[in-house]
Structures are given as C-alpha cells and as structure tokens.
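All heavy atoms count here, side chains included; hydrogens, waters and symmetry mates do not. The chains referred to below are lettered A, B, ... by the order of the sequence lines, with proteins before strands, and numbering in each begins at 1.
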Amino acid sequence: MTQVKAKERKLTIARAMAESIAMEMREDETVFLMGEDIGELGGVFGNTRGLYKEFGPDRVKDTPISETAFIGAAVGAASDGMKPVVELMFVDFFGVCFDAIYNMMAKNTYFSGGEVNVPMVLMTSTGGGYSDGGQHSQCLHATFAHLPGMKVVAPSNAYDAKGMMTAAIRDPNPVIFMFHKALQGMGWLGTEKEAIVDVPEQTFEVPLGVAAVTREGTDVTIVGITSGVHHGLKAARELEQEGVSAEVLDLRSLVPLDREAVLKSVKKTGRLIVVDEDYHSYGMTAEIIATVAEAGIPMKAPPQRVAYPDIPIPFTPPMEQWALPSVEKIIQAFEKMKEAEV
Amino acid sequence: MTQVKAKERKLTIARAMAESIAMEMREDETVFLMGEDIGELGGVFGNTRGLYKEFGPDRVKDTPISETAFIGAAVGAASDGMKPVVELMFVDFFGVCFDAIYNMMAKNTYFSGGEVNVPMVLMTSTGGGYSDGGQHSQCLHATFAHLPGMKVVAPSNAYDAKGMMTAAIRDPNPVIFMFHKALQGMGWLGTEKEAIVDVPEQTFEVPLGVAAVTREGTDVTIVGITSGVHHGLKAARELEQEGVSAEVLDLRSLVPLDREAVLKSVKKTGRLIVVDEDYHSYGMTAEIIATVAEAGIPMKAPPQRVAYPDIPIPFTPPMEQWALPSVEKIIQAFEKMKEAEV
Amino acid sequence: MTPTQEQEIWMYQHMVISRFFEESIEKIYMEGKTPAFNMAKGPIPGEMHLSNGQEPCAVGVCAHLNKDDIVVSTHRPHHVAIAKGVDLMRMTAEIFGKKTGLSGGRGGHMHIFDANVNFSCSGIIGESVGVAAGAALSRKMQGKPGVAVAYLGEGAANQGAFHEALNLASVWKLPVVFVIEDNAWGISVSKQASTAVKHNSDRAAAYSMPGIHISDNDPIQIFEKAGEAINRARNGEGPTLIEIETSRLAGHFMGDAEAYRPAGEKEHLVEIDPIPAFKRRLQKLYQWTEQRDESLRKQARETVEAAIKYARDSDYPAPEEALEKVFV
Amino acid sequence: MTPTQEQEIWMYQHMVISRFFEESIEKIYMEGKTPAFNMAKGPIPGEMHLSNGQEPCAVGVCAHLNKDDIVVSTHRPHHVAIAKGVDLMRMTAEIFGKKTGLSGGRGGHMHIFDANVNFSCSGIIGESVGVAAGAALSRKMQGKPGVAVAYLGEGAANQGAFHEALNLASVWKLPVVFVIEDNAWGISVSKQASTAVKHNSDRAAAYSMPGIHISDNDPIQIFEKAGEAINRARNGEGPTLIEIETSRLAGHFMGDAEAYRPAGEKEHLVEIDPIPAFKRRLQKLYQWTEQRDESLRKQARETVEAAIKYARDSDYPAPEEALEKVFV
Ligand SMILES: Cc1ncc(C[n+]2csc(CCOP(=O)(O)OP(=O)(O)O)c2C)c(N)n1
Ligand SMILES: Cc1ncc(C[n+]2csc(CCOP(=O)(O)OP(=O)(O)O)c2C)c(N)n1
Ligand SMILES: [Mg+2]
Ligand SMILES: [Mg+2]
C-alpha cells in the first residue's frame, strides 16, 4: 500500500450503474435497456447516460409512457433468452404496472417449476427530501420485499452499485434494483458525498443478499439501507464523540435478507436501532426488529425504529424535513434506550 | 336471558355484508355499488346478492374489466358527494389498479389538506386453501396496510362483517374491506362454520380500529385476523386440553392498528404467537412482534410467527395445505416457546 | 390462403382432442364435489375454465405455428395449449397437481408453461399481450425466426394492458398477432354491456394496425385470416389484431349456474357447435366416412385417456417441495 | 359557436395572467438554486412543470365552464387552474409550501385541489381520466348539473388508464370531455416515437365517441370545438375526445436542458406564441388599443404579484402539522 499509489477513481452511483450496464452490454448481446427517457436523455437520474450513444436505439429503447406494456414485454423477452434491464422512473409509479411485476415477473419461474426463467433487472428510483411531493418521494422498500419471487436490492454507495448491478444482470432471477435519488450523485437532487467512492474499472460482482458491516462497533447496532446507512454513519460519528461505539450495518439487500448479519451484530451490542426512509408500519424496521425478537437475543434495551411516519409525504420543506429519518432521531433513539436501561 | 329466547338469526359473512350495504343504500341515496359481476350475478362471493334486484342497474353497476377506470371513477364520485362501494373481485388483482387506490384514493384527502374527502369502500376477497393458484389465493394484508391514507379492515365473523361494513360506508375516509373467501359462507369455497353467527336485524356499527378479545386467557396471546383468528380459536381449545389458557385477539383492523390491545394482552400472558395467512416477511406478524418488542414487555419466551412462507402460493393441495397456517403450527409454536423457557 | 386437406384434418383432430379433453376434465372435476359443490375437493380442485366451443380459435391460428413460435394464452387455455402442441401428459398432470406436471403442480390449470413449445398462459385478465409483445421483440432483436401470438377474451380488451401493448407492438413493428376470442361474455357481463365498440377489431385503427373481424366460429375463415396476419408478422410487416366471434358452450367456470344467459342462447350455441359443422364439411369435401371419423375419435379419446391415466397414476409432490423453484 | 367579444377578452386576459404567473414562478424558482442547480433549494423547491404556450387549451375550454363544473388536470396544471378560477392566492401559497396554501403545503404544485371550484390535478400520468369520469357519473346519478373535463398530455394517451376510462365513459354515456394537450413531447420522447397513431383523436372511434382534432393552438378554434363537446355532455349525449396541437415553450420541467429538441423548434414555437397572435386578433377585430392592452397586462401583473406577495408573506406550517389530515 505504500508503493505506487493505487489509482483512485471516484464515481457517483449514477455513473457506476451506467458503467456496469455498459460492461455487461459489451459482453452479452442479450442485455438491453427499456424505459422512459433513458435514450438520448440518458435517464432522468443519469444511470443510463452514454449508453444510447454507444449502443444505439435498438438496444437502448425509449418507451411510450406504458409501464404495463414495457415491463410485461420485458417478462416476455426475458423468458425468451434476453436479459432486459428496465427502468421504472420513480418507484412511486409501481401502481400502474405492479401486476406485470409481482404477478408475472416474480412468479413465472415458480409457476413453470423453474423451466422458464425471467432474468431481468427492474431499476427504479426511491426517496425524497427535495420536495417532490407525495407521488414522487417514496421508498416503498417493504412493498416490494413483502411479495415473493423477486430479489430486492439497494446500494448505498457507488462501489456496491456497480458490483450489485453486475450481479443483478447476471442473476437468472428477477431483481428489483432500487437507487435512492439523494445518493445518486446528481447535483440537482442534492448529493450525499459519502456515496461517491472509489470504484474499480474492471468488472466485479457484489453478491446479492449479503449485508455489509460498514462500521464496526460494540455498543449499539444501527441497521439501515440506502439513505439510512448514511444517517447511521453520521450518527455513529456523533455518538463516538460521546464515547459510544456504534456498529453500522448496510443491509444492501432486502430479499434475500441477511438475517444472520443482523443477529450477529446485535448479539455483540445488545442494542438495536433500525433506520428506514420507507413508511413506519408493516415495513423493514418491523421485520428487522421481529427477526431479533424471535431469535431471543438478550437486549440491554428495547429496540427502536426511526422510519417515515405513516403519512403521505408532504411537499413543504418544513414538514418533509421534519418527517424524514435523521441523525438527530437516531441519537434520540439511542438516548431513549439508555434511559430505558436506567 | 332466561325469559323469551332472543330470536337467533345466523348469517354468513356474505349475507351480513349484503345486508349492511342494502340498509345503507336505503338510508342514503349517495351510496352505490360498482364492480365486476356484482349485478345480476350478485357478486362471485355473494356479498352483493339481492342488491341488483332491489336497487336496479343504476345503483348496482356492473363494470367492464377495467379496474383502473372504475376505481378511479369511484375516487371522482366520492370526491363529488357520492359514497361508492366498489369491489375488486380478488385482492390479487390489485396490481392492475393500485395507482388509483394508493396514490389517489388514499392520498387525496391529505393532498387537499382535508378539503376533499374520499368516502369510499373498496371491498375485496382474500385467502386461499381451495387450490386457486398463485394469482387468486393471496391475502396481501401488509401490502395495503403499509401504505398511508387508507383504513384496512377485515372481519372474522358475520356480526363484525355487518357492523364494520356499516362503519366503513359511513366513514368519511377510504376503507379497504377485506373478506376472506373461506369465511364467506359460500359452500363452494368451504365454510368456516364459526364465522356464521347471530347478527341483529337492526343497523349497528362496529368501530374500525378496535381489536376484539375473542377468547380470554392467561398463558399465551394468539393474535390473528380473519382466518388466523379461527385457527387461533381452535388451537386455544386444543391447548386448553393440555391445561394451557390461551387468549385470542382478533385485530379486525390493520389500519388503524389497535396496538394497545396487543400490549395489554401480552403484558398479561408474557407469550405471543402471531398468525397470518399473508406472506411471512415484511408482514403483519413482524409488525405485531416489533410493537411488543419496542414496548419492552418482559416475555417468558421469544415470540413466534405462523405465517405464509415467502413463496408464490402453489396450486397443488399437498403443497398449499402444507404451507397454510394451521392449528398444528400454532401448537408447535407454543411448544417451541415452552422449550425455550426450559 | 386455404388449408390443405391434411391441415383441415389436423384442425379437426385437434378440435376433437380438445373437446374430449374438456369433457373428461368436466367429469373428473365433479368427482368428490357432490352432493355439495366444494371447489377444494376432488382430484381437480380450484377454478376450472373450459374452452368448449372455442376450439376453432385455437386450431385456426396454431395450424400456422411451429414449435419455435410463441403463444401466450389466458385463464381458459386448454384448447390453445393442445393446438400448440403442449405435452398433454404433463399438462394433465399439472391440472391434477401432480409431481409429473409441467411445473410439478405449482402452477395449475391457469398457469400452464411448456418451454419446449414456447407456450404459456396466465390468470389475470390482459396479461398475455405485453408478454407476447416482449417475446416478439426478443425474436426481432435476436434475429431468430418466430412470431408471437397473444390470446385474450373480448372482456380483456377493456383492460388497460391491451391498449398499451398494442400501441407498443405497433410503434416497434413487432412480429406479434393479437387474437381476441369474443365469446360474448366476461363471466356474467355481456360484451355489449361492457364494450363501447361493436367489434374490438375496429380498435386496431387506434394503433395503425390491421384489424380483422371474423364473425363465424369457423376454422377455415380463422385459418385464412390468421395465416395472413402471421405471414405479415413473419415478413416483418408488424402486428395484427384479430377478433373472432366464438362460443362459450360451458359456464364461465365449473359451478357457474349461468342464470344470466338469455333463454335459448345455450341451445342455439349447441346447434352451431363448430365441431359437428366441421365434420359435415369434411364429409362434403373429402369423403370423410364415419369409419375415418370413428378412428380419429378413437385415437383422440385414447390420447386424452392416456394423459388422464398418466395424471391419475402420478404421485403428488412432497409438500416441502413448495419451497423450491422460487428462485433458480 | 363563436365567442363574444367579452369571452375573447376573458380568454386573452386569462392567458396573460397565466403567462405572467409562469414567468414569475420561473424566476422565483431559480432563487437559491444558483450557481449549482439543486431542486431542494429556494422558495419553490421540487419539480416545476410550466405551461407556457399551452394557455389556449386552458381558456378555450374553461370559457364554457362554471364553478360547478369539474376539471381534473395533470402535473402541468397552472394554466388550467387559473382558467378554472382556482383561488390564485392560495394556489401560489401552496406552490410555496405555505400554511395558507390550498392544502397547507401538503400537496404542492402537482397536487392543487380547490373544492370551491371543483378543480384538482395529480402527478401520475393518466390519473385524471378516471376521476373525471367518476365525477361525471356522480352528477348523472345525482341529477345535478355540471360536466367534467379531464386534461391529459399526448404522452398520457398511451397509458392504460386512458383506454379504460374512455371506454367506461362511453358505455355509461357520461357527461365528460377528455382534452389532450398535445405538446408533441413526453419529457424527451416525441409523440411520433411513442404513439402508433398520428392523431389521438382518431382513437375516439375505439370508444364510439366523437374525436375532434384541433391542429392550431388557437383559442377560438378550441373554444368552438370544446363548446360543442361540452354542450353535448350537458345535453346527456355522452363524452367527447379532443386533441389540441399545442406548444410547450419551456422545458419539461425547470432544469431540463432540452438537448433532445431538434434545432430551430424552440425558435419556431416562440414565433407562433399564441398570446401575441391573440393580441393581434383583438387589435384587428375589436380596436384593441395598446392602452387597453397595457391596462389588462397591468391588472394581470398586479393579480399575479398580489398572489406572490401573499405566498411570500405567509408563514410556513408547523412541521408537526404533517401528521394531520391523513384521515378526517
Ligand atoms: C384484472 C382481472 N380482473 C378480473 C379478473 C376476474 N376474471 C376472470 S375471467 C374474467 C372474465 C374474462 O372475460 P374474457 O376476457 O372475455 O374471457 P373469457 O372468460 O370469456 O374467456 C374475469 C372478470 C381477472 N382474472 N383479472
Ligand atoms: C405513470 C407515470 N409514468 C411516468 C411518469 C413520469 N412523467 C411525468 S410527466 C411525463 C411526460 C408526460 O407527457 P405528457 O402526457 O405528454 O404531458 P406533458 O408533460 O407533455 O404535459 C412523464 C413520463 C409519471 N408521472 N407517471
Ligand atoms: Mg369472453
Ligand atoms: Mg406532452
């Protein structure tokens, strides 16, 4: 490490996704793209930028505003030997096309006894914080993760984004690839700088379904995904000032869910805070807490969740910012746990 | 009680629903029905039987197979002074029309700052057990309950069905009314006899958001909804044989969720089994367990869930019956808890 | 484009097999379900949508297809599956929920997948059209031969998916044919009560594609029109919409009391049953003797019976296998 | 059906107000967002879809409507809201996210609801059509006067919801008019690249309803055709589909670099800007002097400025109010 300085190459998640897709498209002729404004425009969120220029309109296909049709078509193409990567521009739009996703894409493998595979990736943007209102700011993690037959993954940094996208494209199963707008590295959406990390030029996979210990610690486990991981990391640094050692776990994947990683960490720390920008009830935070409760791990204090309240996402900044998960809420949750211990 | 024997009048859930709707339609001209095959046919599941004959095609409207259109239309009509009761024949079909449900029906009240109300009821059938395959057997409780802005209720017996339907129609908010096919009292779907109970002829409301203690007990709390309640009651009777006193809680409503009722019972029993025919992960069972864990209630053993595995629902009876929640699984869960205590 | 004698006999044969198949299923379905009808009971539980009367839609189209071509059908799939050459043994075993079924019993009657002949179907109205368009896109992109055919009911033509997929197929000029089986009913709701247009084929203009209306439930007419449409698709000239006025001889599903049918409709449909009519045609044109007919029927019956025996004799899967094949 | 002078001036006035409004919003939107464009910043955060150029679609239709009539618009709603008589003060405050906004800041620019004038809109493509059909059904059932108008973009005409709602409206003969604002673009995708038919009005035939194509972005033509359609609806003669070729003078939303536009398109659109053209018409027909024009513009500017001042001066809601109005 002291010799020649390794060439650092920091990428945004948007660029890391585009790079992975491009590399797979070069290697595998069956990989192609469909979605709205992914062609010449390069995707509203930048994750298909450059692909139209390199691969042309036959492999990078702008669609009509017909999500049911083009996601249904992706199922048909995937079952016939192709590997479509399709974009649902905002995850919030799933309501117009979820049948194609959850009843066909996710179940056809099972219905065919494994004889028809549906190797496709559905990438979709999540998250709020920039006042886009209640139909353009949701995360909907649990909405997808609750229903069987699809893998559901979501990176928190560019390295994972590239490796997980590569793994997703190569996976013989359907994969929902969620990217959080605030981590995307598009200036106009605000940018979480810590999501922009060094990414190798060569191809590599980050296996789907394996959580990452993003920061080691001994006093409390903070579990999150996408934006939640960054809130967790910042909170951990603040807690460190107070002499508290927080472990931060990045789930990276909701399906499959790396329950072992959660249990292992909580066994060590005895304290759990789960952070999620998706709605509070019937969501990821409950699943993680239930997993720990079922395992009967002795806890020093009741676990806490920091999630989006059960309200439609308000437009106005004071309300929206107040409702979002935050470093302060994580610290408060920790303090609440300490009080409960007294 | 010893005087004149009160007139008993046992109804199925199907008839109780139809009766409630009819009574509201008689009282309130703005109440009307839309759905597929709800007219002359009386609904595939019997819950609109007789209404077409009494109220005619203007108020009991068979629709094209266009769920997006007629649920969207219900939102428009409800915002304009009507009270539509619409049927989504199987909950499994939500994928073709969920945008109208979760992005408009559920959110327009909020988006309008409460100035536009959407007083409508969306009734929909849930559940399997009769080999209808993976697109006609789901419960999807958490899919609806996770998303803000709609009440989500589901009766386990005819009394509640009538009272909750009446409350739902009168509610100024949108209500999802889920009825489980196996409890519906339609012979051809099998019939849970204990769902057929005495129902008063007059009109009455069962408030939405209040759980019911269906059976009192002291050793373990069994929490369920619809079919889960009946499995719980039967298990409780078996456990009684072994000297175990089980309390059975019927949630009746997922949104609002009566967390207090759960906590109160678990505080008493110190043991919790949650039963749900919806999928295991990111579901109702996790929400209940997390609620108890967060509250820090001392437990005699880790809580247990008995839910549908995370697989598409298989057609063939051996697989489907094996995968469903059952009395045996509840007993096993209890035994597992006892072992954990040893 | 007229069928050869051989093709006509192939069509007749597959209509007969299909009808025998449905009649057998109908009987077996009721086993264990009497006196009180309970869907969960008997060797064939669950919903059952029979295709009696709609056989011409299957054979008239599929006569032009080979194994490589793709067919996506509906919740009422048996006749089409049979005409497309789906393995009848494994399909029957699937309907019985057996281990030897096409999916080992996971799918059932509404989820028949046979990858060997590129056949699939699905239970939600309107799902076929997008999938078929996508398969057609796949062939076009890969430069591999093969066209895709989507079947749907006339009720499904009011589902948004129909509109989106037809537009997409036209914009991308995909090798796909959309075949509407207009049996006049969507469960208990008539086409007239649900559809703003008399012929769904007129809706083709909304997608700048040819729209063909076939008012007779006649395999020959269907063969001719479908042949032209499939040729157009094979030649890269884009999609076609065909609507066939056909007959639903049975209820929507088994157990349907059909009280909504106008008096006399059923009797009329039986009178114009396409299978006896086609037999008369063969007799007129090709010296189709009772003997030849009996021998074809016997073979058909044997084919169906062998499949049913196979299904009956097969074992059920082990319950725990339910956990397999969610992911591969 | 031709407009009176008074109606023409009303239309001009509301186009001018709308244009001033959008130009003001455009400027204020950029406050705090420079040098690095960040959507979250400034007094108007979030997405912003301006309607410059599309004013004729708003005034030509809404000139026929009164307060009781229902309008359901899209993600690009300002011009229509203004023509429908939405409270401009509260609408502006809503766009600024203030407590005095129509929803107290919960909705924002894509979710403008004004119950007093029966106006609403929504952010998902194709949502307007079903809601408008339902409101029309409500009027029909209640025997109350009023028709419903749904606005949608030409891109939205490829969404399944369009097909379903038009079919439903026709089958039930509802008093509703569907107005497609064809600005030739769905974000960066051209109508031609996404739509199988040249004119969406031709799709009306698929629903047995009249389809009207208006190729000029001309308030008078729109007034005439919309008037006929609205009369038909008022007289119980059922729905109509209208498609208007209009102009999107701005980007899809603020921040759109518009690199996808062919060279010269923007310049051409500015040349045919409907507002100066309408002014010339007034000058020709009604001795519309520069003085009258200046006075109308001054009033319009004052109206807009008052609304903006109101919005700026209003307080933000308390954060915790976010929890209210989920249920009533
Ligand atoms: C989206 C959706 N809505 C409703 C249903 C319930 N359903 C099953 S078959 C059917 C009627 C379909 O009519 P049609 O398309 O004409 O086909 P047919 O049954 O006549 O063959 C309906 C409404 C469904 N499966 N999917
Ligand atoms: C169902 C859905 N898909 C995609 C989008 C993203 N989106 C917002 S506006 C837009 C373009 C709409 O085009 P058009 O209907 O022509 O209206 P215009 O923007 O031109 O006014 C798209 C694709 C959306 N909001 N909803
Ligand atoms: Mg039909
Ligand atoms: Mg447009």
Got a donor-acceptor contact below 3.5 angstrom from the Asn167(C) side chain to the His163(C) backbone?
no

Lys/Arg-Asp/Glu bridge criterion (N-O < 4.0 Å) met for Glu40(B), Arg49(B)
no

Which class fits the ring pair Phe144(B) and Phe98(B): parallel under 30°, tilted 30 to 60°, perpendicular over 60°?
perpendicular

Give me the ring orientation class for Tyr207(C) and Phe162(C): parallel if the planes are under 30° apart, tilted from 30 to 60°, perpendicular past 60°.
perpendicular

For Phe177(B) and Met17(B), what are the C-alpha separation, side-chain angles and deciding distance, and is it a side chain to side chain contact (heavy atoms under 4.5 Å, CB included)?
CA-CA 10 Å; Phe177(B) 189 101; Met17(B) 287 172 69; 3.6 Å; yes

Side chain / backbone / both / neither for [X] at chain B, heavy atoms under 4.5 Å:
X         : answer
Ala318(C) : backbone
Ala259(C) : backbone
Glu320(C) : both
Phe327(C) : neither

Chain B-proximal positions within residues 198-205 of chain C [heavy-atom distance under 4.5 Å]
none

Heavy atoms only: give me the nearest Ala74(B)-Pro84(B) pair and the separation to one decimal.
O-CG, 3.4 Å

For Asp278(B) and His141(B), work out which heavy atoms get closest and say how close.
OD2-N, 3.1 Å

Less than 4.5 Å apart, any side-chain heavy atom of Ser122(C) and any of His75(C)?
no

